[in-house]
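To start, the structure under review is shown below, and the notes come after it.
Heavy atoms only: backbone and side chains are in, while hydrogens, waters and symmetry mates are out. Just so it is clear: chains get the letters A, B, ... in the order the sequence lines come, proteins before strands, and each one is counted from 1.
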4 protein chains.
Amino acid sequence: MPHGPDGGTARRILTGAVSCFFEQGYHATSMREIAARAQIQPASVYHWFSSKETMLLTVMQGFQDALTAAAVAAHEAHSAPLDRLAAMVRAHVTLHVQHRKEALISDTEIRALSPASRRQIVAGRDRYQRLFRETIEDGCARGAFRCADVSVATNAILVQCTGVASWYRPRGRLSLQEVADVHADLVCRSLDAEPPSKPA
Amino acid sequence: MPHGPDGGTARRILTGAVSCFFEQGYHATSMREIAARAQIQPASVYHWFSSKETMLLTVMQGFQDALTAAAVAAHEAHSAPLDRLAAMVRAHVTLHVQHRKEALISDTEIRALSPASRRQIVAGRDRYQRLFRETIEDGCARGAFRCADVSVATNAILVQCTGVASWYRPRGRLSLQEVADVHADLVCRSLDAEPPSKPA
Amino acid sequence: MPHGPDGGTARRILTGAVSCFFEQGYHATSMREIAARAQIQPASVYHWFSSKETMLLTVMQGFQDALTAAAVAAHEAHSAPLDRLAAMVRAHVTLHVQHRKEALISDTEIRALSPASRRQIVAGRDRYQRLFRETIEDGCARGAFRCADVSVATNAILVQCTGVASWYRPRGRLSLQEVADVHADLVCRSLDAEPPSKPA
Amino acid sequence: MPHGPDGGTARRILTGAVSCFFEQGYHATSMREIAARAQIQPASVYHWFSSKETMLLTVMQGFQDALTAAAVAAHEAHSAPLDRLAAMVRAHVTLHVQHRKEALISDTEIRALSPASRRQIVAGRDRYQRLFRETIEDGCARGAFRCADVSVATNAILVQCTGVASWYRPRGRLSLQEVADVHADLVCRSLDAEPPSKPA
DNA sequence: AATGAATGAGCGTTCATTCAT
DNA sequence: GATGAATGAACGCTCATTCAT
């Protein structure tokens, strides 16, 4: 994948593709449409991406990398289970709101990937979920959390925080900060812990 | 839509379509594939459904009707906010597990509907969500629940319970009953209420 | 591959395809061109043939089958090496002239087949060549023929008789019968045998 | 067509093109493939050859020139019809084996040339065939050869000797010298002449 | 109630080629 | 002497759908 000094063209193509995938879905988006949005010819897209699927994979991998990096940073920044999980939840919600389109694409288009790409993305997703499960497990072991089933709780929490991308409207009543805080709060309460203190 | 004495053929077609839409998505599913699963010719499908989109609408409307009927019944069966919401959550989770495929299709393929059909489905979905929001609002007003933002809480709760369809595996460790109970529990705790008593 | 009572449409398509392949080569022929010759839409071709390659394989296999059947019949009709080989040569030349296009396609487009199809055709071709080699070998053993190298002779003879398809013009000076006879004559003389008697 | 001090790049490109055309055919070979084999970019090929067709024409013309020169030399080196034809056959076979790829390309890709180029190549081919026909005619007139039809014989002989390129394997049982001799032998015998003496 | 045959539109992708640098 | 970027045209093929039977 070639790129100029600023990666301009490839980025412009990808941005348009993200919008298309988000609005209509991967399979309902044609290469001609992506090309038109980037103001180039369909054939020119192939100078930057070897296939439509490559574009999807690039989007999903990029978002997954950002998510994982943020979760790891949040994890390492705190040692108390409550603060740690709250920070991770805030990071998850924040990224899902800031990159709504990529988040929803990552959530719904895994089927569209080729088997090899799918394996790669699923493996990364599993690693990410494990970060959360282990944090919750550790909190239960240290008495900070209480829950009937760690796996169910992990799934329920992640699904809830991911879901923000599907209903949050940036022009809405709540700021991103507030939504993130509310979710940190909901999550901790559902684990029978006192709501966490808000960071400055 | 014609139908024989038992509605057999139409149902067989629709069942196959549901599996296809679930496994690959609406746009990645071809009429030929649906026909093949029903062991008829592509042209014959049109004897029962006037278009591919009609099949999608039928599936989504059917699931939405079932969901709404169950929520109304749960609402009417109880008057205390806690029991009422718990019953509604249990019904929601139960139907989403029992009809995983229809649930996931309803959740992800709204974009694929024509504008008219989409309006119809979105209106029904809004009515359904209102049932939950009003129940939570009422609970807060009567002092049974406590939450920072009713709208956010409603969205977060519904997204969490809907999400069960995406990760619950029937062959897993927990029974459907248990997953429904855990979610009723999580929801009530996140609203600062004592976990509800389990029904017999 | 469906077909009506007379195989009309499929045959019409194939005839046009044969002409295209013959005139321009397989890779220079487009499905649109084949469809236009058959006076149908490009998509309709796929009702009869699942791919362009399938059409090529059908043509080659059909010609190979005809060739083999004729060679076996000629072989069985005679027991003297001279008469036997002469009959086989006449059959080979006759079919190559009567089906010039199919002959030339079979001769030059093997590379265009998929590996699996290619194996199938090559195997059939080898069987056919073996029929000739064994006939010549037997003739040498029985003292009817004399030649420096049976394999080279077989190849040279077959290539010579196949080549008729590339230069024979139906409107030319010689009749098909005469060309076939001349080649039977050439072949036998090149094996140091008396020219064969002509059949009535 | 520019060229450096050694003509290196142009030759390297052409060699790769010959291999591609030989292995897959002209139309199945892309400029990108030719460029990749020469380890340059597709656009760079156009610095040396103005089009894909020019490359094909260059290959065919080069082989035809070599063939013609060799045939003329063989013709002039002998005066007896038998020795003369034998020498011409040996030259033809030798060049077809030594330049298998160019020979096969010349034989099968004439259709791919533009009308103007095709006319040029066909004219040269006709001149070459005339050399053989006149030699055989002269041999018949002088009583050295006997055949039913000079034109048919010429075509059959040339097709047979050209065919060597399609089946001869350099690693095979016979040396190039031997194959050339066998063919000179076959040709003379088929013209009812005593096999020619072998040259030192 | 069902289907074989057909179709127009559109798909993802590749092509030979151009041109400013 | 070489190339990165671009392009218009065309490729083989699949699509949802129609319709006479």
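In this structure, OH of D/Tyr26 is placed 13 Å from P of E/dC15, rounded to the nearest angstrom. Atom pair B/Tyr46:OH and E/dG4:P shows a separation of 16 Å (rounding to whole Å applied). What separates CZ of C/Phe49 from P of E/dA6 is a distance of 12 Å, to the nearest Å. Taking atom CE of residue B/Met31 and atom P of nucleotide E/dA2, one finds them 15 Å apart after rounding to whole Å. Put simply, CE on A/Met55 is 11 Å from P on E/dG12, counting in whole angstrom units. Rounded to an integer number of Å, the gap from C/Ile13 CD1 to F/dG12 P is 15 Å. For B/Glu33 and F/dT14, the CD to P distance is 13 Å, given to the nearest whole Å. Between C/Leu56 atom CG and F/dG12 atom P there is a gap of 13 Å when expressed in whole angstrom units.
The base-pairing partner of E/dA1, taking Watson-Crick or G-U wobble contacts with both distances under 3.5 Å, does not exist among the strands shown. Base pairing of E/dT21 is made with F/dA2, judged by Watson-Crick or G-U wobble geometry with both donor-acceptor distances under 3.5 Å.
The closest donor-acceptor contact from the side chain of B/Arg100 to the backbone of B/Ser166 lies at 3.5 Å or more, if one exists at all.
Place A/Val45 and C/Ser30 on DNA chain F by their nearest nucleotides, and A/Val45 ends up nearer the 5' end. Of the residues near DNA chain E, D/Ser50 and A/Ala28, the one whose nearest nucleotide (by heavy atom distance) lies more toward the 5' end is A/Ala28. Nearer to the 5' terminus of DNA chain E, by closest-nucleotide assignment, is the contact made by B/Gln39 (compared with the other of A/His27 and B/Gln39).
A distance of 6.0 Å or more separates the ring centres of A/His99 and A/Phe22. The aromatic ring centres of C/Phe63 and C/His96 sit less than 6.0 Å apart.
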**Request:** Check the pair A/Arg12 / A/Ile40 against side chain to side chain contact (heavy atoms under 4.5 Å, CB included), numbers first and verdict last.
**Result:** CA-CA 10 Å; A/Arg12 209 172 67 242; A/Ile40 53 175; 4.1 Å; yes
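In this model, the phosphate group of F/dA2 is not approached by any side-chain N or O of D/Gln41 to a distance below 4.0 Å at OP1 or OP2. Of the side-chain N and O atoms in B/His47, none sit less than 4.0 angstrom from OP1 or OP2 of E/dA2. The phosphate of E/dG4 (OP1 or OP2) has no side-chain N or O of C/Trp48 nearer than 4.0 angstrom.
With hydrogens and angles ignored, a donor-acceptor pair closer than 3.5 Å exists between the side chain of A/Arg32 and the base of E/dG12.
For B/Lys52, counting side-chain heavy atoms from C-beta on, the closest listed nucleotide (F/dC11, F/dT17, F/dC13) is F/dT17. Among the nucleotides E/dT7, F/dG8, E/dA5, the one closest to any side-chain atom of C/Ile40 is E/dT7. Checking E/dA16, E/dT13, F/dC15 against every side-chain atom of C/Ala43, the shortest atom distance belongs to F/dC15.
Under the 4.0 Å criterion applied to side-chain N and carboxylate O atoms, B/Glu109 and B/Lys101 are not assigned as salt-bridge partners. In summary, A/Glu53 and A/Arg111 do not engage in a salt bridge, as defined by a charged side-chain N under 4.0 Å from a carboxylate O.
Here D/Ser44 lies in heavy-atom contact (under 4.0 Å) with a base.
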